[in-house]
Q: 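First the structure, which I've put down as structure tokens, then a few questions once you've had a look.
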Number of protein chains: 2
Amino acid sequence: MGDKYDSLKLGNQICFPLYATSRFITKLYTPLLKELDITYPQYLVLLSLWENEQLTVRAISEILFLESNTLTPLLKRMEKKGILIRKRSDEDERVVEVILTEKGWSIRDKAVCIPQQIVDSLSSSNLSREDIVHFKKTLDQLLPEVRQKAENIT
Amino acid sequence: MGDKYDSLKLGNQICFPLYATSRFITKLYTPLLKELDITYPQYLVLLSLWENEQLTVRAISEILFLESNTLTPLLKRMEKKGILIRKRSDEDERVVEVILTEKGWSIRDKAVCIPQQIVDSLSSSNLSREDIVHFKKTLDQLLPEVRQKAENIT
DNA sequence: TACATTTGTATCGTGCACGATTAAAACGTA
DNA sequence: TACGTTTTAATCGTGCACGATACAAATGTA
């Protein structure tokens with residue numbers, strides 16, 4: 001049966017487990033990333049830079065879906081740690097180029113084992129490998145959908 | 001092919017789309033919740049209180065997986081808005097009971113249409129209803145797993 | 001009854017997220 | 001060449017999250 005407020009029950013929400021799971025997984029990364037002296041969003045910035053050599057703030061923003069008001073202080077903290085440098089473009093003074101230092105590149109070798117460690121953490125008796133693969137596939141379809149809807153708001 | 005750093009590519013991560021999707025979905029809620037003058041975490045607190053009449057801080061913490069250092073200021077902001085009251089228990093002075101006011105209850109009727117609006121936003125040509133149902137099922141299995149792993153860290 | 005331990009909340013400091021706004025540089029066009 | 005528009009970062013203010021810690025109330029135990 002159920003009453004007219006059934007839709008408001010926590011167990012019927014899809015957003016809440018998504019939100020909670022995301023937070024827990026970030027927590028799984030924390031001790032691994034702490035050894036590299038970085039946070040999870042900083043790790044994401046490194047992933048994009050390792051893959052693309054050099055990026056503007058705007059490019060990172062488009063890759064990670066983070067606004068400049070989040071990235072600017074985050075990148076400054078990383079610059080302070082000597083992981084990267086920020087440099088205004090010569091051609092266009094509005095653009096800030098983000099370039100990894102030697103230290104920034106060196107973290108890559110220490111980080112390379114992290115994904116496997118996370119996968120090991122996620123492997124369980126309840127969820128098969130196919131479940132996870134299918135889950136990721138759905139997620140990769142869902143992301144552009146919600147992105148488009150969310151960005152249409154503003 | 002691929003090199004030894006393949007595991008560090010953003011496209012191969014499962015955490016990143018989860019994290020990004022969660023943020024986008026929260027963003028979908030924002031304009032709807034703004035009309036009720038609440039934020040998404042505050043909405044989650046309301047969901048748990050509507051379902052349970054009255055809860056201690058600790059109980060909310062266990063339901064939403066949020067620590068007291070997150071909940072205390074959040075509940076104080078909600079108290080300031082007149083949505084709820086916080087009251088030390090008579091039996092055990094350490095315990096704080098959280099009780100909805102009339103205003104807190106009245107928000108329920110205005111919120112009841114929100115879940116459907118979010119579902120409508122998520123419905124798309126790419127993802128079928130079964131995809132979403134299966135996705136939620138996997139998510140509900142995954143959550144307790146990562147929760148356990150994450151809480152074992154500390 | 002003393003005293004160590006546990007429990008429940010709160011405080012503090014740091015780091016995201018993000019809406020709103022600002023400001024400078026580049027561009028378009030009359 | 002003037003001037004309005006667009007683009008790109010940065011700034012400001014608010015609200016989470018969370019690790020570490022503090023503190024008082026309750027509990028356990030000698």
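Everything numeric in this text was worked out from a predicted model, so none of it was measured.
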Q: B/K81 or A/P73: which one's nearest nucleotide on DNA chain D is closer to the 5' end?
A: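 Result of the comparison: A/P73.
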Q: Counting only N and O atoms by type, is there a donor-acceptor contact under 3.5 Å from the side chain of B/K81 to the main-chain atoms of B/D37?
A: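 Yes; at least one donor-acceptor contact below 3.5 Å.
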Q: Between A/E35 and A/K110, is there a side-chain heavy-atom distance shorter than 4.5 Å?
A: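 A side-chain contact under 4.5 Å is absent here.
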Q: When the distance from CG of B/L74 to C1' of C/dT9 is rounded to whole Å, what number comes out?
A: 15 Å
Q: I need the CG-C1' distance between A/D37 and C/dG15, as an integer number of Å.
A: 13 Å
Q: Base, sugar-phosphate, or nothing for B/S61, non-hydrogen atoms under 4.0 angstrom?
A: nothing
Q: Would you mind classifying the nucleic acid contact of B/T39 as base, sugar-phosphate or nothing, using non-hydrogen atoms under 4.0 angstrom?
A: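 Answer is sugar-phosphate: B/T39 comes under 4.0 Å of backbone atoms only.
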Q: Rounding to a whole Å, what distance do you find between A/I25:CD1 and D/dC18:P?
A: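 So the CD1-P distance, A/I25 to D/dC18, works out to 13 Å.
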Q: Which whole-number value in Å describes the distance from B/R77 CZ to C/dA10 P?
A: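 Between P of C/dA10 and CZ of B/R77: 13 Å.
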Q: Rounded to the nearest angstrom, tell me the gap between atom CD1 in B/I38 and atom P in D/dT14.
A: 20 Å
Q: With a 4.0 Å cutoff (strictly under), does any side-chain N or O of A/R86 reach OP1 or OP2 of D/dA10?
A: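 Checking A/R86 against D/dA10: at least one side-chain N or O falls below 4.0 Å of OP1 or OP2.
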Q: Determine the sole option in B/Y40, B/F24, B/Y43 for which the ring pair (Phe, Tyr, Trp, His ring centres under 6.0 Å) test with A/Y19 is passed.
A: B/Y40
Q: Does B/S68 have a side-chain nitrogen or oxygen under 4.0 Å from the phosphate oxygens OP1 or OP2 of C/dT9?
A: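 Checking B/S68 against C/dT9: no side-chain N or O falls below 4.0 Å of OP1 or OP2.
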Q: Distance check needed: D/dG15 P versus B/L66 CG, whole Å only.
A: 16 Å
Q: So, OP1 or OP2 of C/dT9: does either fall under 4.0 Å of a side-chain N or O from B/K76?
A: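 No, B/K76 has no side-chain N/O under 4.0 Å of OP1/OP2 on C/dT9.
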Q: What pairs with A/E79 under salt bridge (charged side-chain N to carboxylate O under 4.0 Å, His left out), at least two apart in sequence or on another chain?
A: A/R86
Q: Is there a side-chain contact between A/Y19 and the phosphate of D/dA17, meaning an N or O under 4.0 Å from OP1 or OP2?
A: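 Checking D/dA17 against A/Y19, a side-chain N or O does come within under 4.0 Å of OP1 or OP2.
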Q: Rounded to whole Å, how long is the line connecting atom CZ of A/R58 with atom P of D/dA10?
A: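 It works out to 13 Å between those atoms.
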Q: What I'd like to find out is whether the side chain of A/K4 reaches to under 4.5 Å of the side chain of B/D109, using heavy atoms alone.
A: yes
Q: Do B/K136 and B/D140 have side-chain heavy atoms sitting under 4.5 Å apart?
A: yes
Q: Taking OP1 and OP2 of D/dC18, is either one under 4.0 Å from a side-chain nitrogen or oxygen of A/R23?
A: yes
Q: For A/L71, report the nucleic acid contact type (base, sugar-phosphate, nothing); a contact means any heavy atom under 4.0 Å.
A: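 The residue A/L71 makes no contact with any strand.
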Q: Do A/L47 and B/K9 come within less than 4.5 Å of each other through their side chains, counting heavy atoms only?
A: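 No, every pair of side-chain atoms sits at 4.5 Å or beyond.
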Q: If the sugar-phosphate is the primed atoms plus P, OP1 and OP2 and the base is the rest, what is the B/S/- string for nucleotides 21-26 of chain D, using protein heavy atoms under 4.0 Å?
A: ----BS
Q: Using a cut-off of less than 4.0 Å, is there contact between a side-chain N or O of A/R88 and OP1 or OP2 of D/dA9?
A: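 For A/R88, the contact criterion (side-chain N or O under 4.0 Å from OP1 or OP2 of D/dA9) is not met.
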Q: Nearest whole Å is fine: how far is C/dA17 P from A/I60 CD1?
A: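 It is 14 Å, rounded to the nearest whole Å.
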Q: Is there a donor-acceptor contact under 3.5 Å linking the side chains of B/S89 and B/D92?
A: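 The answer is no; no qualifying pair exists.
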